[in-house]
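Quick note: residue numbers are just sequence positions, from 1. Side chains included, hydrogens not; waters and symmetry mates left out as well; all remaining heavy atoms used.
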Amino acid sequence: MTIYLDAVWMLNFLIDLMLLMLVKLLARDSVNMLRLLFGALIASFIVPITIFYPESFINGASGKLLYSVLIIFSAFGWKGTYQTLKLCLLFYFVSFAIGGGLTAIHFMLSSPVSMTANGMITFNKGFGDPISWLFIFIGFPIIWYFTKRRMDEHAGEQIKYDQMCEVSLTLNHKIRQTTGYIDSGNQLIDPLTKRPVIICDRPFLSEWFTENEWFQLENAKNNLEMDEIPKRWQDKIQIIPYQGVDGGSSMMIGIRPERVIVNYNDQQLLATNVIIGIQFGNLVRDNSYHCLLHPQIMKQSIIHSA
């Protein structure tokens with residue numbers, strides 16, 4: 001039997017990379033892509049080890065357990081015993097979920113009952129029935145996407161709406177804190193960049209602007225004169241079209257921040273891929289909060305280590 005080691009190795013590497021990417025998304029970790037590539041490379045070495053050293057300690061249950069810890073350490077680094085164990089369990093969870101999904105689809109599509117040439121009916125329980133590479137190549141990304149989508153929906157269901165959170169905004173290298181409100185009604189997305197929009201009001205945002213700059217921004221919004229935007233803010237300003245509750249179209253001036261940190265459920269969530277929409281007035285009369293948080297940032301933000 002001919003074994004194409006390079007092809008098997010490459011397929012294993014790609015599968016391990018996608019599994020580690022899914023672990024990163026579900027754990028909301030900030031590890032970069034290079035670390036994930038390195039972790040996938042370490043994980044793929046199981047292929048030549050299994051082929052050339054079938055009696056190796058790594059091929060046993062305890063060896064595979066230790067090897068999985070090495071994979072997580074290579075991809076995410078050492079984050080303490082509890083967090084590393086949590087990442088390992090998450091790695092096993094996504095592996096079993098996707099592998100089980102592929103196996104279930106395979107046996108659902110295959111027929112256990114068949115007719116032979118001489119008219120005999122045979123029954124195949126499926127044990128040892130091989131799964132083709134083409135099936136894995138096509139089915140794996142589909143199951144991967146389904147698993148990620150379902151976990152995102154589950155995370156969205158766990159969001160506690162109508163809740164106050166402490167928000168830290170970094171804009172033009174200045175950091176300010178205020179109180180934010182998780183608003184289920186805020187579904188504003190910038191149609192150009194697909195970034196969620198956090199709406200902040202004048203009492204909070206005016207701390208970054210001079211009185212003249214704020215006046216220019218308000219005129220630019222009211223008169224649709226983008227030339228009036230202050231020069232030092234032009235590279236950060238973005239126009240966001242939206243449809244109001246009355247059905248009319250309007251626009252909002254948005255600012256791209258360096259980062260936003262939200263203290264939510266005893267965790268610090270770091271969001272960088274967001275836009276701050278400017279409210280040229282107060283959000284509420286009692287000033288109990290100054291930000292309307294978009295629910296999407298609770299699902300997509302990474303967990304920030306202070």
Side-chain angles (χ1 to χ4, degrees), residues 8-47 49-50 58-109 130-159 265 267 269-271 273 296-305:
V8 177
W9 198 339
M10 178 56 68
L11 180 62
N12 191 270
F13 171 79
L14 293 175
I15 289 176
D16 289 329
L17 178 60
M18 293 188 70
L19 289 175
L20 290 173
M21 289 172 61
L22 188 55
V23 170
K24 173 191 173 180
L25 292 171
L26 296 181
R28 294 191 286 186
D29 199 281
S30 59
V31 67
N32 58 46
M33 191 63 183
L34 288 177
R35 288 297 300 264
L36 294 181
L37 288 169
F38 180 65
L41 179 63
I42 296 298
S44 67
F45 279 131
I46 196 71
V47 173
I49 291 175
T50 302
I58 297 210
N59 291 323
S62 56
K64 290 179 180 178
L65 181 61
L66 292 176
Y67 199 76
S68 64
V69 176
L70 175 62
I71 294 171
I72 294 300
F73 174 74
S74 302
F76 297 94
W78 181 256
K79 299 179 180 295
T81 303
Y82 174 77
Q83 188 64 18
T84 300
L85 179 60
K86 182 179 177 181
L87 289 170
C88 284
L89 292 176
L90 192 55
F91 181 63
Y92 276 110
F93 169 76
V94 298
S95 299
F96 293 153
I98 294 179
L102 281 173
T103 304
I105 292 176
H106 171 71
F107 289 121
M108 181 185 69
L109 296 178
I131 299 178
S132 70
W133 281 27
L134 181 61
F135 179 80
I136 295 176
F137 190 76
I138 296 175
F140 186 88
I142 296 175
I143 299 297
W144 186 94
Y145 176 78
F146 174 81
T147 303
K148 176 184 178 300
R149 185 70 179 267
R150 186 62 194 94
M151 294 304 294
D152 283 344
E153 292 175 356
H154 176 72
E157 292 168 0
Q158 303 304 311
I159 295 176
N265 282 354
Q267 292 179 328
L269 304 182
L270 172 63
N273 197 30
Q296 186 172 318
I297 70 172
M298 304 302 168
K299 297 186 291 182
Q300 298 183 349
S301 300
I302 64 173
I303 297 175
H304 175 64
S305 298

- request: Could I get the full list of side chain to side chain contact (heavy atoms under 4.5 Å, CB included) partners for Tyr92, not counting sequence neighbours?
  value: Leu65, Ser68, Phe96
Note, Trp78 side chain near Thr84 side chain (heavy atom, < 4.5 Å): yes
field: Student check: side-chain heavy atoms of Lys24 and Leu20 closer than 4.5 Å
entry: no
- prompt: Mind checking whether Met33 and Leu17 have side chains closer than 4.5 Å, heavy atoms only?
  reply: yes
Straight-line distance of Leu41 CG to Leu36 CG, nearest 0.5 Å: 12.5 Å
- prompt: In terms of heavy-atom contacts, does CZ of Phe73 have more than 12 from other residues, nucleotides or ligands at under 6.0 Å?
  reply: no
query: Who pairs with Ser74 by side chain to side chain contact (heavy atoms under 4.5 Å, CB included), at least two apart in sequence or on another chain?
result: Phe38, Ile42, Leu70
- prompt: Does any N or O in the side chain of Asp16 come within less than 3.5 Å of the main-chain N or O of Leu19, such that one atom is a donor and the other an acceptor?
  reply: no
field: Nearest-0.5 Å distance that lies between atom CZ in Phe91 and atom CD1 in Ile71
entry: 4.5 Å
query: CD1/Ile72 to CG/Leu89 distance, rounded to the nearest 0.5 angstrom?
result: 9.5 Å
